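The structure under discussion appears below in the form of structure tokens.
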Number of protein chains: 2
Amino acid sequence: MGSKSSTLQDVARVAGVSTATVSRTLSNPDVVSESTRIRVAQAVKETDYRINRAARSLRTQRAHSVLVLLPNLANPFFSSILEGISRHLSPKGYSMLIASTNQVQASGERLIDYFEDARADGMIILDGSLDSHLVEILENAPQSNRIIFACEWIDNTSFPVVRCENKQGTRIAVNHLYDLGHRKIAHVTGPDGNVLSHRRKSAFIEETSALNLDLKPEWVIDGDFSLAAGCQAAQRWIALTDRPTAVFCASDQLALGFMAELSRHNFTVPDDVSVMGFDDLDLAEQYIPPLTSIKQDRLMIGEAAAKMLMERIAAPHAKHSNDGAVIPVSLIARASTAQLRSAA
Amino acid sequence: MGSKSSTLQDVARVAGVSTATVSRTLSNPDVVSESTRIRVAQAVKETDYRINRAARSLRTQRAHSVLVLLPNLANPFFSSILEGISRHLSPKGYSMLIASTNQVQASGERLIDYFEDARADGMIILDGSLDSHLVEILENAPQSNRIIFACEWIDNTSFPVVRCENKQGTRIAVNHLYDLGHRKIAHVTGPDGNVLSHRRKSAFIEETSALNLDLKPEWVIDGDFSLAAGCQAAQRWIALTDRPTAVFCASDQLALGFMAELSRHNFTVPDDVSVMGFDDLDLAEQYIPPLTSIKQDRLMIGEAAAKMLMERIAAPHAKHSNDGAVIPVSLIARASTAQLRSAA
DNA sequence: CGCCTTTATGCAATCGATTACATTCCAACT
DNA sequence: AGTTGGAATGTAATCGATTGCATAAAGGCG
């Protein structure tokens, strides 16, 4: 068809009005008369007009897009969060830019560039292990009130956070195992320095202590949320002389790796040890045995984060008392945890 | 610091040259003298200049970003493909926009809008089930030579495709099972109408026939790549009176769901039936039992797709003889497949 | 020395939408 | 009738980078 797509000028010509009127009609229909509104609508249809976002961005200093920063694109944990974010953004005409921390750093970009070169109006950061220097730059940026964290976050910063009830989830997990009769409970942690790892670990220690459980230091096994770390943790568990009868892993991937490695060494879950995870990935239900887990509603986290960000973008100078959101978690009990059977 | 970020004007003033010279220095350093090059570089540093992408986009009619369209954001299968794409794009200063078919349609957007409103310079489409009307629009668009498909594609269109060797992968799979002594082999397919499903299914039929295997119609079980469909397929398998001794699933998720459901009904893999998948997800290795699969290098698919797209964007009118790329697959044999043990 | 070529730079228009300000028109009120 | 106010629209500057064309400076050659 037409080799060029049409512009405001074209619409204005067809409708017999000025570009200003067309622009107003499109962005603020109330201020024009009904008759022009109709004429413009008609002309828009006739010319198949689409707004040029670059031009609008340049003039309004709004990119109409949001950057989502992931620690690692290859981790399936994040996909439903993206889905949630996109679900909220896309009807509002916002686009979603994706980047991973690794690649941003590898390519020599700086995060703040996304603001400074007008590529994004806001950021949702899912990486709590961001370099502290980078974070400092972000905090001091004029756009700092258009940055929010989700899932993970960074302590001692003022960014709002959308997260799940990590402490509560851990407490539920420990009590689930306790209620099944387990008194020796181990924990496989997330990566060192990660705020989720830390939360869940300290909640674990608190709760076992509150229940008066014995907790040997070697029952807290360092991991990093990955399948591979789960395997290694299993080896550590196997090597113990006094083995806990239940293990709470800080992520489902850890738990799956843990069970896989146990199986390779002919241990059986839950007969030899009860295992549970955190996240409730789709696969948890379909593992053998199905994995007991703490469910976090990742879709909801994504939507809540996007919603909060959009509010801040819309009213950048308003006071946002709203300092974040906490999404509830729930226990999904499955076959990987079972009543303790007293040793033969 | 400065409330406004600096512009070309600022740099020009500091360097004592015109904006034209600064622009040229930045985008085409060879045409300016060494001394200005140095002065400008110095001024850029001094003013902490970042290019305004909206302005550049408006003037050059280039968005410097690429849209990646996924059928479904929540599917972990795609994450490493994104990683591969991003790995290629990000060093070139290109951003990656993500959208899912569902949401594009739900929000009333049209794909072509991404071109027409100057949001994207190209598209990588990972959805082979796109509405045919949409595809037609894309084919007739002036930007049609900046669209490529990856993994999935649509028959009878001229878009280049980056895909894995589906036929060859299927052949390898069937032969692997054959070599283990299996003569009754079932297949769980992908979704109806999907080009991958079709390729793999017809290759399966061809290969079993080439090996002179018996193939009852009920041994080809309809699925849709998902865990849930795998479970359903397992129920169908269980219900058969003459059960195949091996099952080739069109995706790993199918295979995992299949095995999970079997386990719930007290069948054992591979003792009762050998199972294999396609994709080699990270989890395949860590399942119980570890899943034999056909590995496709998703990172490489992503990178190849991005590379091809960038070439087309750089030289839009060149003839690109290069009509796509085929990424090799390989067999990863694990414990879910085993030598046939003759029935007791 | 004068003319031509080459190289380096500047000037100013341009991309397309938005918006402050100015203008026009009409109704309503004194 | 004259004045005022408000609603609707137009004019033109603006956002910031790019680039065709013009100009200037420097070098080459007879």
Side-chain angles (χ1 to χ4, degrees), chain A residues 2-41 43-44 47-65 93 113-119 121, chain B residues 2-41 43-44 47-65 93 113-119 121:
Chain A
S3 58
K4 292 253 171 192
S5 53
S6 50
T7 72
L8 259 197
Q9 307 259 11
D10 300 325
V11 179
R13 195 177 333 105
V14 171
V17 296
S18 72
T19 60
T21 299
V22 178
S23 174
R24 279 189 284 253
T25 310
L26 263 32
S27 57
N28 199 3
D30 297 339
V31 306
V32 302
S33 73
E34 169 134 27
S35 66
T36 29
R37 213 177 306 146
I38 294 171
R39 289 232 303 292
V40 169
V44 163
T47 54
D48 194 31
Y49 170 74
R50 310 281 145 183
I51 195 170
N52 182 313
R53 290 183 171 237
R56 188 229 264 151
S57 289
L58 175 59
R59 180 58 225 237
T60 62
Q61 313 284 20
R62 278 277 145 85
H64 279 259
S65 67
D113 290 348
Y114 278 83
F115 283 134
E116 299 204 329
D117 64 15
R119 255 183 300 175
D121 296 333
Chain B
S3 57
K4 292 253 169 192
S5 53
S6 49
T7 71
L8 258 196
Q9 307 258 12
D10 301 324
V11 179
R13 194 176 334 103
V14 171
V17 296
S18 72
T19 60
T21 300
V22 178
S23 174
R24 279 188 284 253
T25 309
L26 263 32
S27 58
N28 200 1
D30 296 340
V31 306
V32 303
S33 73
E34 168 133 29
S35 65
T36 33
R37 212 176 306 146
I38 293 171
R39 289 232 303 292
V40 169
V44 164
T47 54
D48 194 30
Y49 169 75
R50 310 282 145 183
I51 194 169
N52 182 312
R53 288 182 174 240
R56 189 229 264 153
S57 288
L58 175 59
R59 179 60 226 237
T60 61
Q61 312 284 21
R62 279 278 143 87
H64 280 259
S65 67
D113 290 347
Y114 279 84
F115 283 134
E116 299 202 330
D117 63 16
R119 255 183 302 174
D121 296 333

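All values derive from a computational prediction rather than experimental measurement.
You'll find that the side chain of A:S23 is closest to C:dT18, out of D:dG16, C:dA17, C:dT18. Taking only side-chain atoms of A:A20, from C-beta outward, the nucleotide of D:dG16, C:dA17, D:dG10 with the closest atom is D:dG10. For A:L58, taking side-chain heavy atoms from C-beta onward, the closest of the listed nucleotides C:dA12, D:dA17, D:dC15 is D:dC15. Between D:dT18, C:dC11, C:dT18, one nucleotide has an atom nearer to the side chain of A:T19 than all others, and that is C:dT18.
Put simply, A:Y49 has no side-chain N or O that comes within less than 4.0 Å of OP1 or OP2 on C:dG16. Residue A:T21 has a polar side-chain atom (N or O) positioned under 4.0 Å from OP1 or OP2 of D:dG10. Phosphate contact (OP1/OP2 of D:dG16, side-chain N/O of A:Q61, threshold under 4.0 Å): present.
Looking at B:V40 and B:V17, their side chains come closer than 4.5 Å, going by heavy atoms from C-beta outward.
Spacing between atom CG of A:L26 and atom P of C:dA17 amounts to 9 Å, rounded to whole angstrom units. Rounded to whole Å, the distance from CZ on B:R59 to P on C:dC15 is 8 Å. Rounded to whole Å, atom P of D:dA17 lies 13 Å from atom NE2 of B:H64. With rounding to whole Å, A:D30 atom CG is found 13 Å from D:dT9 atom P. Computed from coordinates, the B:N28 CG to D:dA17 P distance equals 17 Å when rounded to whole Å. Rounded to whole Å, the distance from CD on A:Q9 to C1' on C:dT18 is 12 Å. A straight line from CG of A:L8 to P of C:dT19 spans 12 Å, rounded to a whole angstrom. The distance from atom CZ of B:R62 to atom C1' of C:dC15 is 14 Å, rounded to the nearest whole Å.
Within a heavy-atom distance below 4.0 Å of DNA chain D, the residues of residues 31-38 of chain A found are A:V31, A:V32, A:S33, A:T36.
Among the protein residues, B:T60 comes within range of the sugar-phosphate backbone only, with heavy atoms under 4.0 Å from sugar or phosphate atoms but none that close to a base. When heavy atoms are screened at a 4.0 angstrom cut-off, A:I51 is found touching the sugar-phosphate backbone but no base atom. Residue A:V22 is out of contact with every strand shown, counting any heavy-atom pair closer than 4.0 Å.
No donor-acceptor distance shorter than 3.5 angstrom exists from the side chain of B:R119 to the backbone of B:A63, with no hydrogens or angles considered.
A donor N or O paired with an acceptor N or O is not found under 3.5 Å between the base of D:dT18 and the side-chain atoms of B:R56. The base of D:dG10 is paired with the side chain of A:R24 by a donor and an acceptor separated by under 3.5 Å.
For A:S18 against A:A12, the heavy-atom pair with the smallest separation is C-CB, 3.8 Å. The two atoms that bring A:S57 and A:R62 nearest to each other are OG-O, 2.8 Å, heavy atoms only. Pairing each heavy atom of A:S27 with each of A:P29, the nearest pair is C-CD, 3.8 Å.
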Exercise. List the steps and the verdict of side-chain contact (heavy atoms from CB on, under 4.5 Å) for B:Y49 and B:L26.
Key: CA-CA 11 Å; B:Y49 169 75; B:L26 263 32; 3.7 Å; yes

Exercise. Show your working on salt bridge (charged side-chain N to carboxylate O under 4.0 Å, His left out) between B:R50 and A:D117 and close with a plain yes or no.
Key: CA-CA 6 Å; B:R50 310 282 145 183; A:D117 64 15; over 6 Å; no

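Just one of B:T47, B:N52, B:V44, B:V14 meets the side chain to side chain contact (heavy atoms under 4.5 Å, CB included) condition when paired with B:S6; it is B:T47.
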